[in-house]
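Residue numbers start from 1 in every chain, and the chains themselves are labelled A, B, ... in the order their sequence lines are given, proteins ahead of strands.
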Amino acid sequence: MTVRVIDKQGVRRLVENLQQEAKVVAPHRREGENQWAFQEVTDPDQICLEYVTTCLPPKEFAFPTRETLVRYRLGDPFAAEAVIQAEPIVLFGVHPCDIYGLQCLDIAYCDEHCDPNWVARRAQMRIVGVDCIPDEWCFCAAMGTATVDSGFDLFLNALGDGAYLVEVGTEAGEKMLAGLELREATAAEIAAVKKRLTQRIKRERQIEEDTRNLPLRFTGKAQSPVWEKHAERCYSCGTCVLVCPTCICFDVVDEVSLDLQEGTRDRVWDGCMLEDFAVVASGENFREERFQRLRHRHFRKYAYLFTKYGRPYCCGCGRCVRQCLVHIDPVAILNDLIAESKGGATRGA
Amino acid sequence: MKPRVAVFSFTSCEGCSLAILECENELLDVINLVDFVRWREAMTETSDEIDIAFVDGSISTHEDVRKLQEIREMSKMLIALGACAHTTCITGLKNRFGMSQVKEIVYGPDGAQFDTIPARPLRAVVPVDFELPGCPIDRGEFLRCVRDLALGKKPKLPNYPVCVECKRKGNVCVFFKGMKCMGPVARAGCGALCPSFGDYCEACRGFVDNPNEESHKETLTEHGLTVQEVMNYFTLFNAYDESQI
Amino acid sequence: MNTGKIEVHEVTRVEGHGNIILNVKEGKIEELRLEITESPRFFEAMLIGRKWYEATHLTCRICGICSIGHSSASINALENGLGIVPSEQTMRLRRVIHAGETLQSHVLHVYFLAAPDLLGVPSVFPLVSTHGEVVKRALRLKRLANDMCCDIVGRHIHACSFRVKGFPKLPTKETLAALRDRLVAAIPDLQATVELIASLQLPHFERETEYLALYHPDEYAMYTGQVIRSTRGTETPLYDYKHKIQEYVVPHSHAKHAESEFGAYMVGALARFNNNHEQLRPEAQEAAETMGLQPICYNPFMNNVAQIVECVHCALVALDELNALLDMDLQEEDLTVPVKACRCVGASEVPRGTLYHEYNLDSEGFITSANLIIPTAQNLNNLEHDMHRLVPQILDQEPDDIRQTLEMLVRAYDPCISCATHLLEVKFV
Amino acid sequence: MALELCQCERESDLYVPRPTRVTRVKPQTTLETMITLQFLDGADLGHRPGQFVQVFIPAIGEAPISICSAPNPENTFDLCVRKLGDVTSAIHRLQGGEVIGIRGPFGNGFDMEALQGHDLLIVGGGIGLVPLRGVIQYVAQHREDYGEVTILYGFKTPAEQLFRDELDSWVTEGQMDLRLTVDRPHPDWSGHVGVITTLFPDLKLNPQRTKALVVGPPIMYQFVITECRLKGLADDNIILSLERRMRCGVGKCGHCQINNKYVCMDGPVFTFSEVKHMWEAI
Ligand SMILES: Cc1cc2nc3c(=O)[nH]c(=O)nc-3n(C[C@H](O)[C@H](O)[C@H](O)COP(=O)(O)OP(=O)(O)OC[C@H]3O[C@@H](n4cnc5c(N)ncnc54)[C@H](O)[C@@H]3O)c2cc1C
Ligand code: SF4
Ligand code: SF4
Ligand code: SF4
């Protein structure tokens, strides 16, 4: 297949074409310094494809912050039905790390039981990826997610001046290009993008270990001083897990109308960093201390689920540390663990 | 039988009682769930047989203490309505001064005749069954509380900070806009109202069970507040300190 | 009743705690006063040592009904002191929320607190079954008025993002358009309100007194004005308010009383109407006529009517402002404020009358002293004078009727007692 | 695209409770009550002892509750519930005849086949006896498949004793050795006094043939496990059931995770050798 180039006008037309058939969601600038968010496109000119990272990951479009799972009418007997709302949607301008994150949730949500709401939404979701701009916090290169070779229908690699090299991932992606007259890329353009992507693999924030070995570095680390050291300033505010593209946990709450005629069971985002996450009805808290929660979060991402599903449940997007007010940093934690297991003491401890 | 509900006010702006009247869309449903039997602001009748008493205001005179004890006697359940009743809200700021000093400052030499004691939350005077925080209360939370009581459920408050709701709303954290926020230690339940409107959280709902206060004081200082300003942030709605009365 | 004592312990359907004491011996008033028993909160003391930016959110907590009004006076004072001129966009948004609060407070007062008197029931709740449509209309209007605040500054009681210089987050055009559409749709409800009030009989009673209100050359002064105007023909610059108004302590009241050089005076909807009626929207002037209100009206019971006139006026002002905002390109504004040592004086016309805020700031922006003059406190003196005039006229009635009429008079003033208890001046050395 | 990964069928009713009739209510103590349930369509729940269901009380909420009976021909099943919060209190308000919701059965349950041919030591502390009742009933139904059965059941005071009217039949018809104990001396109690571990010294069991099934409050596990090990039981032969906060019951919500295990999917039944390296387990 020839490699094609889409220019600024082409991108605009592509978005307009997609809008004919689906809701299109893309990064937009938000108030504040260097802030972006995925938002429904109303004016294609407002899309901002050159962005660092969004506040929330795109998982919210398949796993909304709050969604109704079951609706019921009270009465004898009560009548309950599943609520599964899905619509055609295109996520336009998704970074490789976030594509990786969506894939992580695909695996977890379809493991053994298949979450009907996630699956229905994902089935109608199309992805147009775009390559990213690194910031001081992300570490996708270390996690091996700086590039992805699946999980998108189209992928755009910047050439400058609003033009992109188009990579087609699926048949649906090819169809998206129908009617757009795209020129063929020159060899120089292809080479330039290749070169950039190769460099991308080496970035500053590195984990001092082959990521494939990470689960090993967690063995025997339950009692490591690393956890208490890093948890000292933690608020248990949950920001890190709520903004994480690979976090999946939720709470379920019941809402009943004030006339007591009907109700819903809704799920809302939850997170294991929150104090009451593991409290049982008798009042016992199985992860009472901050460090225990921090430890669980990291074990889960880099050891438990890694071992279970064969990939780290961290895409290196850096949202957690960027938005954590005290910048508790998985890279620093991992490197401390690695240093410790390589025989050194915890750095700075 | 519908629960008999009363609303009482102590030292406050009465905004929390008024917030009940601001449930305009739901008020008729509420009246179907409960019977209002006593509410000075809204009605003339009174009654002494009360299932649920909603009480707003902090307790700041000897007379307040006596009346609150009376209300406790006649009510099966007593619910603190809003920040004044829960944390003393801003009424606790006068506690920074000695009471005779306050009276002297305000009324001059005649001050001694006035009855004022350091402001305290309801629970410092009588047992309280539930506290609805916020300045003013969150209407949704109030309605859920009434509904839960009607259903025989125990009303619950979230024990996570405002940041959680702020994230669920997809807000840009106001720290990225140069403001300083109390969200990381403040108890959620308001839907991160203030940050959602571009403002910062002032912790009007009090703190979570185990706030990391030390960490947050450091954070605020790192973001440029002076020690006095940090104190102000922590005390605007939460000046009440048990050990001071 | 020729001899005896009437005590109304805790006047109901007003905001805050107050008692009426009337003691009559052989047809003569021995004792007549309105006791204010609300616990004082020492607001001016609370403000000492707080940062300038805390003043707005602190003082709005004086009152749950006119919280936006306190914020307005506070912002106005700080902007006057710090030399900040808000943008047109900011002023338009402020006028919308200020109108929202006025509308909400007046609707609450007339429908929920005063109307039960006129319809002979003890509260609004029985009206749900007897006058269902009226109650629903009141709820609709009140909800809309609330949303005029909630949609722009987060909530009506203790607004979140109502701040000096501007709004940290601007409402979307969709939000503004939705409000505009709802306001347009609410016009029939307002008309119905005017008709309802026109059909009700208010007590006849008159006592000549002075009426004070802010005056603004360009508009019916609400959010703020430039001078204090009197029906006695004087005008006083805002920053000179202390020359017009003297406050003093009375033993039976936790709220200070106030007087001007002419003695007791009244503030509020009727005072504004009496001073500035020619600046009202024509539709509001018409409504006044329909309900039989003419300047200068000396019947305090007509304050209820003046409030409905203002409801019409405020709805139309808000409509115009919303339309203007929808035609503008809303811009994020820089909200940084340079601080300096200064005296900050500001005022706002809030539902119950003119509200004055004054703070003194040191060079770092800490508040060193404060003075707040609250409308209800200004009215208490006038209200007591009215009671003294009214009682002899009704002394031949049954005690219950006397009690009822006195309560109605108190309610006509729409007093906000919890507000009034905080005008205690603090002199700090 | 995403669904290339998805090997499973769609389960659109994964979170929808099935209407279930409360056919009987049988209060046990002031804190515990037992209800019997049957699906409106009469279908079989199809569970094994030790599994649990998510019980939904309309307008109140959902809670995980162990099934406390063995499968039976009437297709009914029992739940025994301690009143602790919203859902459990609402269950206590049931009078019989109501329709509530059930999802499940969930979890692994006890592998009754694997237990065949073994002696069983069943240890229940307080409400921990509840899931074990299903095992006991199952064993009684298939008595010849199992060896000697000893049941140790401890509770705080005599008033807290569950399944009072059934205990005799476990001994007589079930031919099991039942030993009871209360924590502290009590005027209404003439039997053994002391925490449950005080029943161990008198026990005679064959560690090669015996499998221990232990359910109780978290604090009980370490002591009982120590006793079992002292009796020579291998860690593989000590079987526990654990409880955690749980929202979905199907391995999604994350609440019930203990280290790398999900209580709802990998448990609630674990062998001690599975959990002994899990620092969050007991
Ligand atoms: C596998 C399994 C089997 C079980 N089997 C049984 C059984 O057979 N019998 C039995 O009686 N019990 C059993 N339980 C325990 C039972 O699930 C709980 O007692 C029940 O969930 C309590 O629900 P509730 O609505 O009554 O409690 P509530 O206290 O109303 O709580 C509901 C949920 O909210 C949480 N919660 C409570 N308080 C707070 C708070 N302040 N803040 C935040 N969250 C809070 C609780 O952890 C609980 O998950 C079992 C539990 C599990 C996991
Ligand atoms: S690590 Fe940071 S973001 Fe996460 S809970 Fe702790 S303080 Fe909050
Ligand atoms: S704005 Fe405040 S509440 Fe929201 S995330 Fe930031 S610190 Fe937390
Ligand atoms: S954000 Fe903070 S200050 Fe605002 S309502 Fe919520 S708790 Fe109160």
Side-chain angles (χ1 to χ4, degrees), chain A residues 29-39 54-57 60 64-66 74 231-244 247 250-251 253-261 263 268-271 273-277 279 285 288-290 319-320 322-328, chain B residues 23 25-34 140 143-144 146-148 150-151 153 156-186 188 191 198 207-220 222-223:
Chain A
R29 200 167 264 292
R30 288 283 303 270
E31 74 279 7
E33 204 183 316
N34 276 344
Q35 300 295 321
W36 294 267
F38 283 102
Q39 241 170 267
T54 53
C55 316
L56 292 185
E60 62 169 317
T65 56
R66 181 179 189 120
L74 292 163
E232 192 190 332
R233 286 203 56 198
C234 173
Y235 291 109
S236 298
C237 72
T239 293
C240 49
V241 284
L242 293 166
V243 302
C244 174
C247 273
F250 58 85
D251 194 10
V253 293
D254 285 86
E255 277 302 336
V256 182
S257 65
L258 270 177
D259 60 10
L260 309 186
Q261 295 297 307
V268 290
W269 286 8
D270 202 348
M273 291 297 279
L274 301 177
E275 186 178 339
D276 286 1
F277 189 78
V279 174
N285 188 349
E288 196 154 13
E289 304 291 337
R290 296 177 202 289
R319 281 187 181 87
C320 51
R322 186 178 203 246
Q323 296 188 54
C324 172
L325 282 174
V326 292
H327 298 307
I328 292 172
Chain B
C23 301
N25 296 339
E26 301 87 6
L27 207 56
L28 300 180
D29 280 329
V30 172
I31 296 173
N32 278 330
L33 284 182
V34 300
L143 292 169
R144 280 194 298 279
V146 169
R147 180 201 62 196
D148 284 352
L151 285 169
K153 274 171 91 163
K156 286 194 184 90
L157 291 180
N159 181 29
Y160 46 74
V162 173
C163 295
V164 171
E165 291 179 328
C166 206
K167 290 284 127 33
R168 287 180 187 153
K169 285 240 166 119
N171 292 336
V172 172
C173 176
V174 301
F175 275 96
F176 285 109
K177 302 189 238 177
M179 291 183 218
K180 295 96 196 165
C181 183
M182 289 295 283
V185 289
F207 300 136
V208 290
D209 287 353
N210 290 303
N212 198 339
E213 291 191 31
E214 286 318 306
S215 181
H216 199 48
K217 283 176 182 160
E218 243 176 89
T219 301
L220 293 177
E222 285 160 10
H223 282 84

Side-chain ion pair, B:Glu213 and A:Arg233, N-O less than 4.0 Å: no
Check ion pair B:Arg147-A:Glu255 (N to O, under 4.0 angstrom): yes
Non-hydrogen atoms of A:Cys237 and B:Pro161 that approach each other most closely: CA-CG, 3.5 Å
Which of A:Val256, A:Val241, A:Thr239 touches chain B most, by non-hydrogen pairs under 4.5 Å: A:Val256
Which of A:Cys234, A:Gly271, A:Ser257 touches chain B most, by non-hydrogen pairs under 4.5 Å: A:Cys234
Less than 4.5 Å apart, side chain to side chain, heavy atoms only: is that true for [X] and [Y]?
X        : Y        : value
A:Asp254 : B:Lys153 : yes
A:Gln35  : B:Lys177 : no
B:Val164 : A:Leu274 : yes
A:Tyr235 : B:Ser215 : yes

Chain B heavy atoms under 4.5 Å from [X]: which part of the residue, side chain, backbone, both or neither?
X        : value
A:Leu242 : side chain
A:Asn34  : neither
A:Arg290 : side chain

Given heavy-atom pairs under 4.5 angstrom as the criterion, report whether the side chain, backbone, both or neither of [X] touches chain A.
X        : result
B:Val185 : side chain
B:Asp148 : neither
B:Phe175 : side chain
B:Glu218 : both

Looking at chain A, which one of [options] has the largest number of heavy-atom pairs inside 4.5 Å, strictly under?
options                                : value
B:Pro184, B:Pro158, B:Cys173, B:Cys181 : B:Pro184
B:Asn210, B:Leu33, B:Val30, B:Val208   : B:Asn210
B:Pro211, B:Gly170, B:Ala150           : B:Gly170

Donor on one side chain, acceptor on other, B:Arg168 and A:Thr65, under 3.5 Å: no
Side-chain donor-acceptor contact under 3.5 Å, B:Tyr160 with A:Ser236: no
Rounded distance (nearest 0.5 Å) linking atom [atom1] of [X] with atom [atom2] of [Y]:
X        : Y        : atom1 : atom2 : answer
A:Leu56  : B:Asn171 : CG    : CG    : 9.0 Å
A:Asp259 : B:Leu28  : CG    : CG    : 12.0 Å
B:Lys167 : A:Cys240 : NZ    : SG    : 10.0 Å
B:Phe176 : A:Arg322 : CZ    : CZ    : 5.5 Å
B:Leu151 : A:Leu260 : CG    : CG    : 5.0 Å
A:Leu325 : B:Thr219 : CG    : OG1   : 6.0 Å

A:Glu31 atom CD, neighbour heavy-atom count above 12 within 6.0 Å: yes
